[in-house]
Amino acid sequence: MKASNFHLFTTRETPAEAEIASHQLMLRCGMIRKLTSGIYTWTPLGLRVLRKVENIVRDELNKAGYQEMLMPAVQPAELWKETERWEKFGAQLLKIQDRAGRDYCFGPTHEEVMTDFVRNEIRSYKQLPITFYQIQTKFRDEIRPRFGVMRSREFLMKDAYSFHIDHESLDETYWEMYDVYTRIFSRTGLRFRSVEADSGAIGGHKSHEFHVLADSGEDQIAFSDESDYASNVELTAIAMPEGDPAAPAQDMRLVDTPQAHTIDELVSAYDVPVEKTVKTLIVHAADEAEAKFVALLVRGDRTLNPVKAEKLEQVASPLTFASDAEIRDSIGAGPGSLGPVGLPLPVIADQEVVLMSDFTAGANSDDKHYFGINWKRDVEVPVTADLRTAVEGDDSPDGKGVLQMARGIEVGHIFQLGTAYSKAMNAVVLGEDGRSHVMHMGCYGIGVSRIVAAAIEQNNDERGICWPEPIAPFQLALLPMNAKKSHRVREAADSLYGELLEAGVEVLYDDRNLRPGVMFNDMELIGIPHRIVVGERGLDNGVLEYRYRTDSENGEIPLDGAVQAILKKLAGATG
RNA sequence: CGGGGUGUAGCGCAGCCUGGUAGCGCAACUGCUUUGGGAGCAGUGGGUCGGGAGUUCGAAUCUCUCCACCCCGACCA
């Protein structure tokens, strides 16, 4: 590709709306343009990258024997009413009407359409298992789109769905897909990790997420330093602590603590070790029969894990904290002075809390705390649960090693859906036994457009993007120095360009006749991995200059046999 | 949806407080010079000052209202 014939429009300044590196760089090098909030145009440059990612995904899925299809972006409301998601999906579902007033939505996902397709096409267990996929533009009316295509409303997603006669078959395909995903992400050249995940509102049994590792990632993932255990920290279980509480060494006493309304204040003003404090959080109860609220206890230095809390049957979903007024109303004290002693609410304690002794907590009376509290003696031992968020250094839940933390960007998610959708939509096949069986389903997503942003987030420096070779928009940049004046340079560059094209190299030939600095900066900004410079200097010595994007020094390639040498460089970096 | 903020040329911004008919840098266009890390000189084009209403002789500037966008939070692949 000649640069004179390719739409390149880079800017030196960063648009004010972009916060994170990937968004800023995508705008600066002109890969995307915003049309309106959360909706972007992909330019020729951006599209080249998007297609690279897409093709890797497609190629690996095809190799695994899954079949590509293309479903409609606009879907009738009837299908969504069958699964009750027309109401349940919430405001993220973009609803539209046609001229006759019929209801549709712009598809945020395709379980309904796919299940409808399969229930009409598949009749017999002999046709199972079967897996279809598509690469489609989806729309979710995000509350707050941000970070460019990282969290946009319209986005490109690969979604696959598998259908099975029973759970064993689903499980088999699930793990097969896990391996396919591993191959896909390996091929993109990105550093990634798969983790156990919360299956969330979609429901189902088993679920894994695939994360591109990047310090700016929104998700925190925990992994063992000795085994391959890894999970989203939302889900990371805490191993049950061993032992019994120490025998009481102190009497319980009521202390005036006007300076302490937070754990930090309690620790600093009254010289209490933070491990000897208990935090009391009041949330709405699931069933208000017993009480309107439930108290959750965690050690003072711990963080409540909202995902774990929400899964408790006693706790309302979604998790809702009681307001200050509600707390005062039901307990008679403010949120800074709460504790388990004399609390008129059901209590659930984190499992380590019941092993504490001689601890401090609020007295449910303003500006007062109890010191030296001991379970059983001073207050009934509460129900326990795993409530806190794991931190670095915790024992790995599989018993091997301790947990490390990393940040990641979720780019893939696989679920075992089971029969949730097939049952609601009556997707059945005849089994070997001659009876109808509800099909078991798996669903598997990859955020194609998000991968592009995640790749940049993981691979950039002060000069711009540093694409991993497999998803770079071009493999090689060919830069002639002052070709307008130097016929030698132009002829050498022209002929090299021809030979590289012939050899199948994706080369961007910068024939724009710009000053060298502009060319260097542009090519580095858009992140082309390999760079060849043709200049008088080099030609005098019979060489071309070569530099990899992340190198700090130039290398040389002899003019003689240059194409072969370049091909070797490209192959070398690809691995 | 709650809280905060911003809308002035393609991008980044000043002007607004104190009303007098719009400016700077970058980008773009023309010409000449220049060519190994975002060149220099000279010139040119480009603005319903987010929309509407009001106050005023006069509004980018003051008032009201609507809209869009951004940030924080709750929510989420």
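Because the structure is predicted, anything quoted here is derived from the model rather than measured. Here is how names work: the chains are called A, B, and so on, in the same order as the sequence lines, proteins then strands, and each is numbered from 1.
With both pairing distances under 3.5 Å, B:G38 is matched to nothing as a Watson-Crick or G-U wobble pair.
Contact of the A:R463 side chain with the A:L525 side chain is not registered, since no non-hydrogen atoms from C-beta on lie closer than 4.5 Å. Two residues are said to be in side-chain contact when any heavy atoms from C-beta on lie closer than 4.5 Å; A:K2 and A:L508 fail this criterion. At least one side-chain heavy atom of A:L500 sits under 4.5 Å from a side-chain heavy atom of A:L476.
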Distance-only criterion, 3.5 Å: show the donor-acceptor pairs between side-chain atoms of residues 138-150 of chain A and protein atoms not counting sequence neighbours.
from: A:K138; atom 1: NZ; to: A:H110; atom 2: ND1; distance (Å): 2.6
from: A:K138; atom 1: NZ; to: A:D159; atom 2: OD1; distance (Å): 3.1
from: A:K138; atom 1: NZ; to: A:D159; atom 2: OD2; distance (Å): 2.8
from: A:R140; atom 1: NE; to: A:P108; atom 2: O; distance (Å): 2.8
from: A:R140; atom 1: NH2; to: A:P108; atom 2: O; distance (Å): 2.7
from: A:D141; atom 1: OD1; to: A:R153; atom 2: NH1; distance (Å): 3.0

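A:S152 comes within 4.0 angstrom of a base, heavy atoms only. If you check every strand for non-hydrogen atoms under 4.0 Å, A:R28 touches a base. A:R33 comes within contact range of no nucleotide atom at all, as no heavy-atom separation falls under 4.0 Å. Within 4.0 Å (heavy atoms only), A:K138 reaches no atom of the nucleic acid at all. Residue-level contact check: A:R547 touches the bases, meaning some heavy atom is under 4.0 Å from a base atom.
Under the side chain to side chain contact (heavy atoms under 4.5 Å, CB included) criterion, A:A295 pairs with A:T280, A:I282, A:L343, A:V347, not counting sequence neighbours. Legend: residues meeting side chain to side chain contact (heavy atoms under 4.5 Å, CB included) with A:N513, ordered by chain and number and at least two apart, are A:K484. In this structure, the side chain to side chain contact (heavy atoms under 4.5 Å, CB included) partners of A:L79, at least two apart in sequence or on a different chain, are A:P76, A:E82, A:E112, A:V113, A:D116, A:R119, A:M425.
In this structure, the CZ atom of A:R151 is 13 Å from the C1' atom of B:A74, given to the nearest Å. Atom CD in A:Q24 sits roughly 14 Å away from atom C1' in B:C71 (whole-Å rounding). B:G73 atom P lies 17 Å from atom CG of A:L319, rounded to whole Å. In this structure, CD1 of A:I143 is placed 15 Å from P of B:C71, rounded to the nearest angstrom. Atom pair A:N521:CG and B:C26:P shows a separation of 16 Å (rounding to whole Å applied). Put simply, CG on A:L8 is 13 Å from P on B:A28, counting in whole angstrom units. In this structure, CE of A:M150 is placed 16 Å from P of B:C70, rounded to the nearest angstrom. The interatomic distance linking A:E142 (CD) with B:G73 (C1') rounds to 15 Å, in whole Å.
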Can you check nucleotides 3-11 of chain B for protein contacts, nitrogen or oxygen pairs under 3.5 Å, and list what you find?
from: B:C11; atom 1: O2; to: A:E13; atom 2: OE1; distance (Å): 3.4

Just the table, please: protein N/O against nucleotides 33-36 of chain B N/O, every pair under 3.5 Å.
from: B:U34; atom 1: O2; to: A:R515; atom 2: NH1; distance (Å): 2.7
from: B:U35; atom 1: O2'; to: A:N482; atom 2: ND2; distance (Å): 3.3
from: B:G36; atom 1: O2'; to: A:R537; atom 2: NH2; distance (Å): 2.7
from: B:G36; atom 1: O6; to: A:E545; atom 2: OE2; distance (Å): 3.4
from: B:G36; atom 1: N1; to: A:E545; atom 2: OE1; distance (Å): 3.0
from: B:G36; atom 1: N1; to: A:E545; atom 2: OE2; distance (Å): 2.5
from: B:G36; atom 1: N2; to: A:E545; atom 2: OE1; distance (Å): 2.2
from: B:G36; atom 1: N2; to: A:E545; atom 2: OE2; distance (Å): 3.3

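Two residues, A:R463 and A:E410, neighbour RNA chain B, and the one matched to the more 5' nucleotide by heavy-atom proximity is A:R463.
Distances shown here put a side-chain N or O of A:R144 below 4.0 Å from the OP1 or OP2 atom of B:C71. Between A:T36 and the phosphate of B:C69, there is a side-chain N or O to OP1/OP2 separation shorter than 4.0 Å. Considering only side-chain N and O atoms, A:R146 lies under 4.0 angstrom from the phosphate OP1 or OP2 of B:C72.
For the pair A:R33 and A:Y40, the NZ or CZ position fails the cation-pi test of under 6.0 Å to the six-membered ring centre and within 45 degrees of the ring normal.
In the set B:C26, B:A77, B:C71, B:C71 carries the atom at the smallest distance from any side-chain atom of A:E19. Closest approach to the A:V518 side chain among B:G38, B:C76, B:C70 is made by B:G38 (side chain taken as heavy atoms from C-beta onward). Distances from the side chain of A:S37 to the nucleotides B:C69, B:A77, B:G37 place B:C69 closest.
At distances below 3.5 Å, not a single donor-acceptor pair connects side-chain atoms of A:T173 with backbone N or O atoms of A:L170.
Counted within 6.0 Å of NE2 on A:H7, heavy atoms from surrounding residues, nucleotides or ligands total more than 12; the atom is thus considered enclosed.
Note that NE2 of A:H23 and CE of A:M31 are 11.5 Å apart. Values are rounded to the nearest 0.5 Å.
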